[in-house]
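Pasting in a structure now, in C-alpha coordinates, and then I'll have a few things to ask.
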Amino acid sequence: MPSPPRMLLVLSENWTLTGGRADLPAAVRWAREAEDAGFDAVMVSEHIVLGPDAAAAGIMGNPRDYALPGNQDPHTPWPNSLLLLAAIASVTSRLRLAAAAVLAPLRHPLLLARELGTLDLISEGRLVVQPTVSWSRDEYDALGVPFTRRGRLLDEHLEVWAKAWDPSPLSHDGPHYPFQDVWFEPKAHRPDGPRLWFGGQRLHGPVLRRLVEHGHGFHPLGRPTPEDLQQLEEAMSAAGRDIADLEMIGGTQAVFPDDRSPADLGAALSVIPEQWEQGFTTFCVKPNQFIDDPDGVGEFCREVMRRVEALTS
(Lines give C-alpha, C1' and ligand atoms only; values in the text may rest on other atoms or scores of the structure.)
Protein backbone atom coordinates (compact mmCIF):
# COMPACT_ATOMS: atom_id res chain seq x y z
CA MET A 1 0.00 0.00 0.00
CA PRO A 2 1.40 3.44 -0.86
CA SER A 3 1.83 5.95 1.91
CA PRO A 4 -1.10 8.37 2.29
CA PRO A 5 -0.73 11.89 0.86
CA ARG A 6 1.18 14.35 2.99
CA MET A 7 -0.47 17.71 3.52
CA LEU A 8 1.38 21.03 3.72
CA LEU A 9 -0.18 24.18 5.19
CA VAL A 10 0.87 27.42 3.47
CA LEU A 11 1.33 30.07 6.17
CA SER A 12 2.36 32.98 3.94
CA GLU A 13 -0.22 35.27 2.32
CA ASN A 14 -2.97 34.61 4.85
CA TRP A 15 -3.53 38.26 5.69
CA THR A 16 -7.29 38.07 5.20
CA LEU A 17 -7.15 35.94 8.36
CA THR A 18 -4.60 37.94 10.31
CA GLY A 19 -2.47 41.03 9.88
CA GLY A 20 1.20 40.70 9.02
CA ARG A 21 2.49 42.76 11.92
CA ALA A 22 1.01 42.10 15.34
CA ASP A 23 -0.54 38.71 14.68
CA LEU A 24 2.48 36.59 13.74
CA PRO A 25 1.94 34.48 16.89
CA ALA A 26 -1.27 33.33 15.21
CA ALA A 27 0.77 31.76 12.41
CA VAL A 28 2.86 29.94 15.00
CA ARG A 29 -0.33 28.68 16.64
CA TRP A 30 -1.71 27.53 13.28
CA ALA A 31 1.45 25.50 12.68
CA ARG A 32 1.03 23.72 16.01
CA GLU A 33 -2.62 23.06 15.20
CA ALA A 34 -1.66 21.71 11.78
CA GLU A 35 0.78 19.28 13.39
CA ASP A 36 -1.87 18.15 15.86
CA ALA A 37 -4.29 17.55 12.97
CA GLY A 38 -1.81 15.31 11.14
CA PHE A 39 -0.31 17.73 8.61
CA ASP A 40 3.20 16.87 7.48
CA ALA A 41 4.61 20.36 6.87
CA VAL A 42 4.12 24.11 6.85
CA MET A 43 5.51 26.53 4.29
CA VAL A 44 6.61 30.15 4.56
CA SER A 45 7.80 32.20 1.56
CA GLU A 46 9.59 35.53 1.50
CA HIS A 47 10.28 38.88 0.01
CA ILE A 48 12.62 41.38 1.64
CA VAL A 49 11.04 44.46 0.07
CA LEU A 50 8.48 45.09 -2.66
CA GLY A 51 8.58 47.84 -5.23
CA PRO A 52 6.15 49.17 -7.85
CA ASP A 53 6.74 46.14 -10.08
CA ALA A 54 4.94 44.00 -7.49
CA ALA A 55 1.68 45.31 -8.98
CA ALA A 56 2.82 45.71 -12.58
CA ALA A 57 0.27 43.15 -13.83
CA GLY A 58 -2.54 44.50 -11.66
CA ILE A 59 -3.45 43.54 -8.10
CA MET A 60 -5.19 40.18 -7.66
CA GLY A 61 -8.97 40.39 -7.59
CA ASN A 62 -9.56 38.20 -4.54
CA PRO A 63 -7.06 38.92 -1.73
CA ARG A 64 -7.22 35.24 -0.72
CA ASP A 65 -5.49 34.19 -3.93
CA TYR A 66 -1.80 33.35 -4.25
CA ALA A 67 0.65 36.18 -4.82
CA LEU A 68 2.16 35.75 -8.28
CA PRO A 69 4.77 37.80 -10.13
CA GLY A 70 3.40 41.30 -10.60
CA ASN A 71 -0.09 40.78 -9.13
CA GLN A 72 0.20 41.94 -5.52
CA ASP A 73 -0.17 45.13 -3.56
CA PRO A 74 3.29 46.42 -2.55
CA HIS A 75 1.89 46.80 0.99
CA THR A 76 1.60 42.98 1.23
CA PRO A 77 3.34 41.85 4.46
CA TRP A 78 6.31 39.51 4.09
CA PRO A 79 7.81 38.76 7.53
CA ASN A 80 11.21 37.08 7.74
CA SER A 81 10.54 33.47 6.84
CA LEU A 82 13.45 31.85 8.68
CA LEU A 83 12.71 33.66 11.95
CA LEU A 84 9.06 32.65 11.73
CA LEU A 85 10.01 29.02 11.04
CA ALA A 86 12.40 29.08 14.00
CA ALA A 87 9.52 30.11 16.24
CA ILE A 88 7.42 27.32 14.77
CA ALA A 89 10.23 24.81 15.35
CA SER A 90 10.18 25.66 19.05
CA VAL A 91 6.51 24.65 19.49
CA THR A 92 6.41 21.59 17.20
CA SER A 93 8.25 18.28 17.17
CA ARG A 94 7.37 16.47 13.93
CA LEU A 95 6.23 19.12 11.45
CA ARG A 96 8.58 19.77 8.53
CA LEU A 97 9.49 23.42 7.97
CA ALA A 98 9.51 24.45 4.30
CA ALA A 99 11.32 27.72 3.64
CA ALA A 100 9.96 28.29 0.15
CA ALA A 101 11.15 30.93 -2.25
CA VAL A 102 14.32 31.72 -0.28
CA LEU A 103 15.85 34.54 -2.32
CA ALA A 104 19.41 33.32 -2.04
CA PRO A 105 21.10 35.85 -4.38
CA LEU A 106 20.13 38.69 -2.03
CA ARG A 107 22.49 37.35 0.68
CA HIS A 108 26.04 36.09 0.93
CA PRO A 109 26.04 32.28 0.72
CA LEU A 110 28.02 31.80 3.92
CA LEU A 111 25.61 34.02 5.86
CA LEU A 112 22.60 32.20 4.44
CA ALA A 113 24.20 28.80 5.05
CA ARG A 114 24.75 29.84 8.65
CA GLU A 115 21.05 30.77 9.04
CA LEU A 116 19.81 27.63 7.30
CA GLY A 117 22.18 25.34 9.16
CA THR A 118 21.20 26.81 12.53
CA LEU A 119 17.49 26.43 11.80
CA ASP A 120 18.10 22.86 10.66
CA LEU A 121 19.85 22.14 13.97
CA ILE A 122 17.11 23.80 16.02
CA SER A 123 14.49 21.69 14.27
CA GLU A 124 16.62 18.51 14.32
CA GLY A 125 16.62 18.07 10.57
CA ARG A 126 13.09 19.18 9.75
CA LEU A 127 14.09 22.05 7.45
CA VAL A 128 13.31 22.05 3.72
CA VAL A 129 14.67 24.88 1.58
CA GLN A 130 13.46 26.00 -1.84
CA PRO A 131 16.03 28.51 -3.14
CA THR A 132 15.01 30.70 -6.03
CA VAL A 133 16.00 33.79 -7.98
CA SER A 134 12.49 35.33 -7.92
CA TRP A 135 11.16 37.89 -10.37
CA SER A 136 11.25 41.44 -8.94
CA ARG A 137 13.89 43.70 -10.43
CA ASP A 138 12.86 46.42 -7.95
CA GLU A 139 13.73 44.15 -5.04
CA TYR A 140 17.19 43.44 -6.44
CA ASP A 141 17.78 47.12 -7.19
CA ALA A 142 16.86 48.09 -3.62
CA LEU A 143 19.45 45.69 -2.22
CA GLY A 144 22.12 46.57 -4.76
CA VAL A 145 22.28 43.09 -6.33
CA PRO A 146 22.52 42.76 -10.14
CA PHE A 147 19.20 41.37 -11.33
CA THR A 148 20.67 39.93 -14.55
CA ARG A 149 23.20 37.84 -12.59
CA ARG A 150 20.73 36.29 -10.18
CA GLY A 151 20.85 32.83 -11.77
CA ARG A 152 24.65 32.69 -11.63
CA LEU A 153 24.56 33.93 -8.05
CA LEU A 154 22.14 31.16 -7.05
CA ASP A 155 24.32 28.52 -8.70
CA GLU A 156 27.30 29.75 -6.72
CA HIS A 157 25.23 29.67 -3.53
CA LEU A 158 24.52 26.00 -4.13
CA GLU A 159 28.23 25.32 -4.60
CA VAL A 160 29.13 27.14 -1.38
CA TRP A 161 26.38 25.45 0.64
CA ALA A 162 27.62 22.02 -0.43
CA LYS A 163 31.11 22.96 0.76
CA ALA A 164 29.76 24.39 4.01
CA TRP A 165 28.46 20.96 5.09
CA ASP A 166 31.86 19.36 4.40
CA PRO A 167 34.67 19.34 7.00
CA SER A 168 36.28 22.70 7.79
CA PRO A 169 38.29 24.59 6.71
CA LEU A 170 36.66 25.40 3.38
CA SER A 171 37.63 27.59 0.46
CA HIS A 172 35.86 28.82 -2.65
CA ASP A 173 37.30 30.55 -5.70
CA GLY A 174 34.07 31.43 -7.50
CA PRO A 175 33.66 34.76 -9.32
CA HIS A 176 31.18 36.32 -6.88
CA TYR A 177 31.94 34.93 -3.41
CA PRO A 178 35.62 33.94 -3.14
CA PHE A 179 37.04 33.07 0.29
CA GLN A 180 39.91 31.01 1.66
CA ASP A 181 40.39 28.72 4.66
CA VAL A 182 37.39 29.50 6.82
CA TRP A 183 35.94 27.30 9.53
CA PHE A 184 32.20 26.89 9.33
CA GLU A 185 30.83 25.44 12.56
CA PRO A 186 28.41 24.04 13.50
CA LYS A 187 27.16 22.28 10.42
CA ALA A 188 23.54 21.49 9.58
CA HIS A 189 21.73 18.58 11.22
CA ARG A 190 22.09 16.29 8.19
CA PRO A 191 25.60 15.55 6.90
CA ASP A 192 24.60 16.87 3.46
CA GLY A 193 22.53 19.81 4.69
CA PRO A 194 18.80 20.57 4.57
CA ARG A 195 16.57 18.99 1.92
CA LEU A 196 16.36 21.14 -1.23
CA TRP A 197 13.29 21.65 -3.40
CA PHE A 198 13.28 23.39 -6.76
CA GLY A 199 10.43 24.60 -8.93
CA GLY A 200 8.95 27.55 -10.69
CA GLN A 201 6.49 28.60 -13.33
CA ARG A 202 8.04 26.27 -15.88
CA LEU A 203 10.61 23.52 -15.96
CA HIS A 204 13.17 25.38 -18.05
CA GLY A 205 16.90 24.71 -18.35
CA PRO A 206 18.34 26.20 -15.13
CA VAL A 207 15.53 24.90 -12.91
CA LEU A 208 15.83 21.42 -14.40
CA ARG A 209 19.62 21.44 -14.04
CA ARG A 210 19.51 22.52 -10.39
CA LEU A 211 16.82 19.99 -9.63
CA VAL A 212 18.83 17.14 -11.15
CA GLU A 213 22.14 18.21 -9.58
CA HIS A 214 20.98 19.24 -6.11
CA GLY A 215 17.28 18.55 -5.63
CA HIS A 216 15.40 16.34 -3.22
CA GLY A 217 11.98 17.59 -4.30
CA PHE A 218 10.13 19.11 -7.27
CA HIS A 219 7.67 21.88 -6.40
CA PRO A 220 6.25 23.43 -9.58
CA LEU A 221 4.10 26.54 -9.66
CA GLY A 222 0.91 25.16 -11.18
CA ARG A 223 0.45 21.78 -12.81
CA PRO A 224 3.39 20.44 -14.86
CA THR A 225 2.54 18.98 -18.24
CA PRO A 226 3.12 15.29 -19.07
CA GLU A 227 5.95 16.53 -21.28
CA ASP A 228 7.53 18.30 -18.30
CA LEU A 229 7.40 15.11 -16.23
CA GLN A 230 8.84 13.06 -19.08
CA GLN A 231 11.66 15.58 -19.48
CA LEU A 232 12.37 15.43 -15.76
CA GLU A 233 12.41 11.63 -15.74
CA GLU A 234 14.81 11.51 -18.68
CA ALA A 235 17.13 14.13 -17.17
CA MET A 236 17.22 12.31 -13.83
CA SER A 237 17.96 9.01 -15.57
CA ALA A 238 20.76 10.57 -17.64
CA ALA A 239 22.34 11.78 -14.40
CA GLY A 240 22.11 8.33 -12.84
CA ARG A 241 19.21 9.29 -10.61
CA ASP A 242 15.69 7.92 -10.31
CA ILE A 243 12.73 10.31 -10.46
CA ALA A 244 11.14 8.14 -7.76
CA ASP A 245 13.75 9.51 -5.35
CA LEU A 246 12.33 13.03 -5.75
CA GLU A 247 9.55 14.23 -3.48
CA MET A 248 6.83 15.52 -5.79
CA ILE A 249 4.87 18.47 -4.40
CA GLY A 250 1.43 19.18 -5.81
CA GLY A 251 -1.26 21.68 -4.97
CA THR A 252 -4.94 22.39 -4.67
CA GLN A 253 -6.92 24.57 -7.06
CA ALA A 254 -9.10 27.18 -5.38
CA VAL A 255 -11.83 28.64 -7.57
CA PHE A 256 -13.40 31.75 -6.07
CA PRO A 257 -17.05 32.52 -6.85
CA ASP A 258 -16.27 36.24 -6.72
CA ASP A 259 -13.65 38.66 -5.37
CA ARG A 260 -15.15 38.72 -1.86
CA SER A 261 -15.78 35.06 -1.01
CA PRO A 262 -13.66 32.03 -0.11
CA ALA A 263 -13.49 28.97 -2.36
CA ASP A 264 -15.09 25.55 -1.92
CA LEU A 265 -12.71 23.15 -0.15
CA GLY A 266 -14.15 19.97 -1.60
CA ALA A 267 -13.75 21.18 -5.17
CA ALA A 268 -10.16 22.27 -4.48
CA LEU A 269 -9.16 18.93 -2.94
CA SER A 270 -10.75 16.93 -5.75
CA VAL A 271 -7.62 17.38 -7.89
CA ILE A 272 -5.47 15.41 -5.42
CA PRO A 273 -6.27 11.83 -6.54
CA GLU A 274 -5.20 12.51 -10.13
CA GLN A 275 -1.92 14.10 -9.01
CA TRP A 276 -1.36 11.28 -6.53
CA GLU A 277 -1.67 8.76 -9.34
CA GLN A 278 1.00 10.73 -11.25
CA GLY A 279 3.44 10.31 -8.36
CA PHE A 280 2.85 13.49 -6.37
CA THR A 281 2.95 12.78 -2.64
CA THR A 282 2.78 16.17 -0.87
CA PHE A 283 -0.01 18.69 -1.39
CA CYS A 284 -0.19 22.37 -0.47
CA VAL A 285 -3.29 24.10 0.87
CA LYS A 286 -3.65 27.74 1.98
CA PRO A 287 -6.29 28.16 4.70
CA ASN A 288 -7.49 31.67 3.95
CA GLN A 289 -8.61 30.54 0.51
CA PHE A 290 -11.36 28.54 2.22
CA ILE A 291 -12.13 30.09 5.63
CA ASP A 292 -12.32 33.58 7.13
CA ASP A 293 -12.10 32.65 10.84
CA PRO A 294 -8.57 32.88 12.31
CA ASP A 295 -9.70 30.66 15.18
CA GLY A 296 -10.90 27.98 12.78
CA VAL A 297 -7.58 26.88 11.30
CA GLY A 298 -7.25 23.84 13.57
CA GLU A 299 -10.67 22.52 12.60
CA PHE A 300 -9.95 23.39 8.96
CA CYS A 301 -6.81 21.22 9.10
CA ARG A 302 -8.74 18.33 10.62
CA GLU A 303 -11.39 18.64 7.91
CA VAL A 304 -8.71 18.62 5.21
CA MET A 305 -7.22 15.43 6.63
CA ARG A 306 -10.63 13.74 6.79
CA ARG A 307 -11.45 14.67 3.21
CA VAL A 308 -8.05 13.65 1.81
CA GLU A 309 -8.21 10.30 3.55
CA ALA A 310 -11.65 9.69 2.04
CA LEU A 311 -10.42 10.70 -1.43
CA THR A 312 -7.38 8.42 -1.45
CA SER A 313 -8.39 5.42 0.66
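Predicted, not measured: the structure shown is a model, and the values here were computed from it.
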Next on the checklist: With a 4.5 Å cut-off on side-chain heavy-atom distances among I, L, V, M, F, W and Y, is there a chain of contacts connecting F283 to W197?
Outcome noted: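 Hydrophobic grouping puts F283 apart from W197.
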
Checklist entry - Do the two ring centres, one from F198 and one from H219, sit under 6.0 Å apart? => result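 No, they do not, as the ring centres are separated by 6.0 Å or more.
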
Next on the checklist: Is there a side-chain contact between S136 and L50 in this structure, where contact means two heavy atoms from C-beta onward sitting under 4.5 Å apart?
Outcome noted: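 Side-chain contact under 4.5 Å: no.
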
Next on the checklist: For W15 and H75, I'd like to know if the aromatic rings sit close, meaning centre-to-centre distance below 6.0 Å.
Outcome noted: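 Centroid separation for W15 and H75: 6.0 Å or greater.
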
Checklist entry - When you check the gap from the basic side-chain N to the acidic O, do R306 and E299 get nearer than 4.0 Å? => result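 So R306 pairs with E299 through a salt bridge.
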
Item to check | Under 3.5 Å donor-acceptor, R195 side chain and G193 backbone | outcome: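 Yes; judged by distance alone, with no hydrogens or angles, the pair exists.
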
Item to check | Test item: S168 and E185 side chains (from C-beta on) under 4.5 Å apart, heavy atoms | outcome: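 Result yes, sub-4.5 Å side-chain heavy-atom pair found.
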
Checklist entry - Does R307 CZ have over 12 foreign heavy atoms under 6.0 Å away? => result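 Check passes, neighbour count above 12.
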
Next on the checklist: Could you check whether any side-chain heavy atom of L95 comes within less than 4.5 Å of a side-chain heavy atom of D40, counting everything from C-beta outward?
Outcome noted: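 No. Closest side-chain heavy atoms not under 4.5 Å.
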
Checklist entry - Any donor-acceptor pair under 3.5 Å linking the side chain of D192 with the backbone of W165? => result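 Checked: no pair found.
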
Checklist entry - Would you say R114's side chain and P186's backbone share a donor-acceptor pair under 3.5 angstrom? => result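 Side chain of R114 to backbone of P186, a donor-acceptor pair under 3.5 Å: yes, one is there.
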
Item to check | Nearest heavy-atom neighbours spanning P131 and W161 | outcome: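 Closest approach of P131 to W161, heavy atoms only: CB-CH2, 3.9 Å.
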
Checklist entry - S81 and S45: which non-hydrogen atoms are nearest, and at how many Å? => result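 So the minimum-distance heavy-atom pair works out to CB-O, 3.6 Å.
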
Item to check | Parallel, tilted or perpendicular: rings of H108 and Y177 (30°, 60°) | outcome: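 The rings of Y177 and H108 stand perpendicular, inter-plane angle above 60°.
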
Next on the checklist: Hydrophobic clustering (ILVMFWY, side-chain heavy atoms < 4.5 Å, transitive) - are L116 and V44 grouped together?
Outcome noted: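 Same hydrophobic cluster.
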
Checklist entry - Can we say E156 and R152 salt-bridge, meaning some charged N sits less than 4.0 Å from an Asp/Glu carboxylate O? => result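 Not counted as a salt bridge, because no side-chain N and carboxylate O are separated by less than 4.0 Å.
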
Checklist entry - Please walk me through it: do S12 and M43 pass side chain to side chain contact (heavy atoms under 4.5 Å, CB included)? => result CA-CA 7 Å; S12 302; M43 176 185 291; 5.9 Å; no

Next on the checklist: For D155, is there an ion pair with R209 - N to carboxylate O distance below 4.0 angstrom?
Outcome noted: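 Yes, this pair counts.
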
Next on the checklist: Could you go through L203 and T225, starting from their C-alpha distance and side-chain angles, then the distance that decides it, and tell me whether this counts as side chain to side chain contact (heavy atoms under 4.5 Å, CB included)?
Outcome noted: CA-CA 10 Å; L203 192 62; T225 65; over 6 Å; no

Checklist entry - Does one hydrophobic cluster hold both I59 and F256, with members joined at side-chain heavy-atom distances below 4.5 Å? => result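 The answer is no; the residues belong to distinct hydrophobic clusters.
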
Item to check | Q253, CD: over 12 other non-hydrogen atoms inside 6.0 angstrom | outcome: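 Incorrect, the count does not exceed 12.
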
Item to check | Rounded distance (nearest 0.5 Å) linking atom CD of E159 with atom CG of L154 | outcome: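 The CD atom of E159 sits 10.5 Å away from the CG atom of L154.
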
Next on the checklist: Count I, L, V, M, F, W, Y as connected when their side-chain heavy atoms are under 4.5 Å apart, and connections chain through other members. Are I88 and V128 then in the same cluster?
Outcome noted: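 Different clusters.
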
Item to check | Check: E13 main-chain N/O paired with K286 side-chain donor or acceptor under 3.5 Å | outcome: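 Judged by distance alone, yes, a pair lies under 3.5 Å.
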
Checklist entry - Between R96 and E35, is there a salt bridge with N-O shorter than 4.0 Å? => result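 Result for this pair is no, no salt bridge flagged.
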
Item to check | Minimum-distance pair of heavy atoms, taken over all atoms of I291 and P262 | outcome: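 Looks like N-CB, 4.2 Å.
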
Checklist entry - Between Q230 and E234, does any side-chain donor sit less than 3.5 Å from a side-chain acceptor? => result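 Note: Q230 and E234 side chains meet the donor-acceptor criterion.
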
Checklist entry - Is a side-chain donor or acceptor of S237 paired with a backbone partner of E233 at a separation under 3.5 angstrom? => result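 No, because the side chain of S237 does not come within donor-acceptor range (under 3.5 Å) of the backbone of E233.
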
Next on the checklist: Nearest 0.5 Å, please: how far is CZ in R6 from OG1 in T282?
Outcome noted: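 The CZ atom of R6 is 4.0 Å from OG1 of T282, to the nearest 0.5 Å.
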
Checklist entry - Would you find a donor on one side and an acceptor on the other, under 3.5 Å apart, between the side chain of D65 and the backbone of M60? => result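 Between the backbone of M60 and the side chain of D65 there is no qualifying donor-acceptor contact (under 3.5 Å).
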
Item to check | Closest non-hydrogen atom pair, A34 against L9 | outcome: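 Taking every non-hydrogen atom into account, CB-CD2, 3.9 Å.
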
Next on the checklist: Within a 6.0 Å radius of atom CD on E124, are there more than 12 heavy atoms belonging to other residues, nucleotides or ligands?
Outcome noted: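 Atom CD in E124 is not packed in, count stays at 12 or less.
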
Item to check | Pairwise distance CD1(I122) to CG(L97) - rounded to 0.5 angstrom | outcome: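 Taking CD1 in I122 and CG in L97, the distance rounds to 10.0 Å.
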
Checklist entry - Do you know which two heavy atoms are closest between D53 and D138, and how far apart they sit? => result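 Here D53 and D138 meet closest at N-OD2, 2.8 Å.
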
Checklist entry - Distance under 6.0 Å and angle within 45° of the ring axis: does R150 meet both against F147? => result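 That pair qualifies as a cation-pi contact.
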
Item to check | Side-chain ion pair, R190 and D120, N-O less than 4.0 Å | outcome: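 The answer is no: the pair does not qualify as a salt bridge.
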
Item to check | L246 reachable from V129 in the ILVMFWY side-chain graph, under 4.5 Å edges | outcome: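 Yes: a chain of side-chain contacts under 4.5 Å links V129 to L246.
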
Item to check | Spatial distance of atom CG (L110) from atom NE2 (H157) [nearest 0.5 Å] | outcome: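 The CG atom of L110 sits 9.0 Å away from the NE2 atom of H157.
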
Checklist entry - How far apart are the closest heavy atoms of N288 and P63, and which atoms are they? => result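 So the minimum-distance heavy-atom pair works out to ND2-O, 4.2 Å.
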
Next on the checklist: Is there a side chain to side chain contact (heavy atoms under 4.5 Å, CB included) between I48 and N80? Walk through the geometry before answering.
Outcome noted: CA-CA 8 Å; I48 297 174; N80 184 281; over 6 Å; no

Item to check | Any donor-acceptor N/O pair, E247 side chain to H216 backbone, under 3.5 Å | outcome: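 No; judged by distance alone, with no hydrogens or angles, the pair does not exist.
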
Item to check | N-O pairing of R29 and E33 below 4.0 Å | outcome: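 Yes, charged N to carboxylate O under 4.0 Å.
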
Next on the checklist: Using side chain to side chain contact (heavy atoms under 4.5 Å, CB included), reason through D166 and F184 one step at a time and then give a plain yes or no.
Outcome noted: CA-CA 9 Å; D166 286 340; F184 185 91; over 6 Å; no

Checklist entry - Is R210 close to T132 at the side-chain level, that is, under 4.5 Å between some pair of heavy atoms? => result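 No, side chains not in contact.
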
Checklist entry - Would you say the side-chain atoms of R94 pair up with the backbone N or O of F39, donor to acceptor, closer than 3.5 Å? => result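 Yes; at least one donor-acceptor contact below 3.5 Å.
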
Next on the checklist: Under a 3.5 Å threshold, yes or no: a donor from one side chain and an acceptor from the other, between E139 and H47?
Outcome noted: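 H47 and E139 do have a side-chain donor-acceptor pair below 3.5 Å.
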
Checklist entry - With no hydrogens and no angle check, do the side chains of W78 and Q72 hold a donor and an acceptor under 3.5 Å apart? => result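 Yes - a donor-acceptor pair under 3.5 Å links their side chains.
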
Next on the checklist: Checking side-chain polar atoms at under 3.5 Å, does R64 have a donor or acceptor matched by the opposite partner on S261?
Outcome noted: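 No.
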
Checklist entry - Does S171 reach the side chain of Q180, with side-chain heavy atoms less than 4.5 Å apart? => result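 In short, these two side chains touch, coming nearer than 4.5 Å.
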
Checklist entry - If we only count heavy atoms from C-beta on, is the V133 to L103 side-chain gap below 4.5 Å? => result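 The answer is no, as the side chains (C-beta and beyond) never meet within the 4.5 Å cut-off.
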
Next on the checklist: Any heavy-atom pair between the side chains of D264 and V255 that's under 4.5 Å?
Outcome noted: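 A side-chain contact under 4.5 Å is absent here.
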
Item to check | Atom pair CG/CG of D258 and N62 - distance to nearest 0.5 Å | outcome: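 So the gap between those two atoms works out to 7.0 Å.
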
Checklist entry - If we only count heavy atoms from C-beta on, is the L68 to W135 side-chain gap below 4.5 Å? => result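 Answer no - side chains too far apart.
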
Checklist entry - When rounded to the nearest 0.5 angstrom, what distance separates CZ in R32 from SG in C301? => result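 Going from the CZ atom of R32 to the SG atom of C301 covers 12.0 Å.
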
Checklist entry - Parallel, tilted or perpendicular: which describes the rings of F280 and F218, with under 30° parallel and over 60° perpendicular? => result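 Tilted, since the angle between the ring planes falls between 30° and 60°.
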
